[in-house]
Amino acid sequence: MKNLLIIIVIAAFTLLITSNVQAKPKTKTIYGRSLDGFARVKIKNNTTESLACYVAIDGFKIKFRLMALRESKWYTATDKGYNYRNFSTWCDFLALHPEYLKYKVF
């Protein structure tokens with residue numbers, strides 16, 4: 001009976017740990033300023049998989065596909081009042097988001 005209880009506790013603990021694990025692609029978001037002083041951003045894909053991504057600023061999203069081990073182009077704000085905190089970026093594996101197949105490739 002005691003052994004059964006130990007097995008149940010170990011199984012429950014294992015399920016608890018594995019259910020919280022999420023696989024996210026390894027990316028790097030790079031912020032900078034253009035020569036004119038506008039904030040800009042680009043995303044670097046550090047995986048060997050294609051990614052579905054977007055860059056958003058002030059509610060406007062630009063969706064694209066990012067190939068393995070590549071960087072996107074620079075996305076520049078249109079107002080000098082914006083900074084890196086105004087950008088929102090997101091990437092996930094393209095296989096999980098096939099609707100991104102219609103967007104431009106970088």
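Given the structure is predicted, the values throughout are model-derived calculations rather than measurements.
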Report yes or no: do Asp36 and Ser34 form a side-chain donor-acceptor pair below 3.5 Å? no

What pair of heavy atoms forms the shortest contact from Asp79 to Gly81, and how long is it? OD1-N, 2.8 Å

From the list Tyr103, Tyr75, Trp90, Tyr100, ring pair (Phe, Tyr, Trp, His ring centres under 6.0 Å) with Phe64 holds only for Tyr75

In Å, rounded to the nearest 0.5 Å, how long is the span from OG of Ser72 to NZ of Lys104? 11.5 Å

Kindly work out whether a path of hydrophobic side-chain contacts (I/L/V/M/F/W/Y, heavy atoms less than 4.5 Å apart) joins Phe106 to Trp74. no

Could you check whether any side-chain N or O of Ser50 sits under 3.5 Å from a backbone N or O of Leu94, counting only pairs where one atom can act as donor and the other as acceptor? no

Find out whether Leu69 and Asn45 are in side-chain contact, i.e. whether some heavy atom of one side chain is under 4.5 Å from a heavy atom of the other. no

I'd like to check Phe60 versus Ile62 (side-chain heavy atoms, cut-off strictly below 4.5 Å). Are they in contact? yes

Less than 4.5 Å apart, any side-chain heavy atom of Ile30 and any of Ile43? no

Would you say that Tyr82 contacts Phe38 through its side chain, given a criterion of any heavy-atom pair below 4.5 Å between the two side chains? no

Please say whether the positively charged group of Lys63, taken as NZ for Lys or CZ for Arg, lies over the ring of Tyr54, i.e. under 6.0 angstrom from the six-membered ring centre and within 45 degrees of the axis. no

Please report the closest heavy-atom contact between Gly37 and Lys80, naming both atoms and the distance. O-CG, 4.1 Å

Counting only heavy atoms not in Phe93, do more than 12 fall under 6.0 Å of its CZ? yes

NZ-CG distance between Lys24 and Leu51, expressed to the nearest 0.5 angstrom: 13.5 Å

Residue pair Ala39 / Arg33: nearest heavy atoms and the distance that separates them: N-NH1, 3.4 Å

Does Arg70, at its CZ atom, have more than 12 non-hydrogen atoms belonging to other residues, nucleotides or ligands within less than 6.0 Å? no

Smallest separation among heavy atoms of Met67 and Val105, with atom names: CG-CG1, 3.4 Å

Would a 4.5 Å heavy-atom cut-off, applied to side chains only, mark Pro25 and Asp92 as touching? yes

Starting at OG1 of Thr89, measure out to NZ of Lys28 and round the result to the nearest 0.5 Å. 13.0 Å

Is there side-chain contact between Lys44 and Thr27, with heavy atoms separated by less than 4.5 Å? no

Student check: side-chain heavy atoms of Lys61 and Val55 closer than 4.5 Å: no

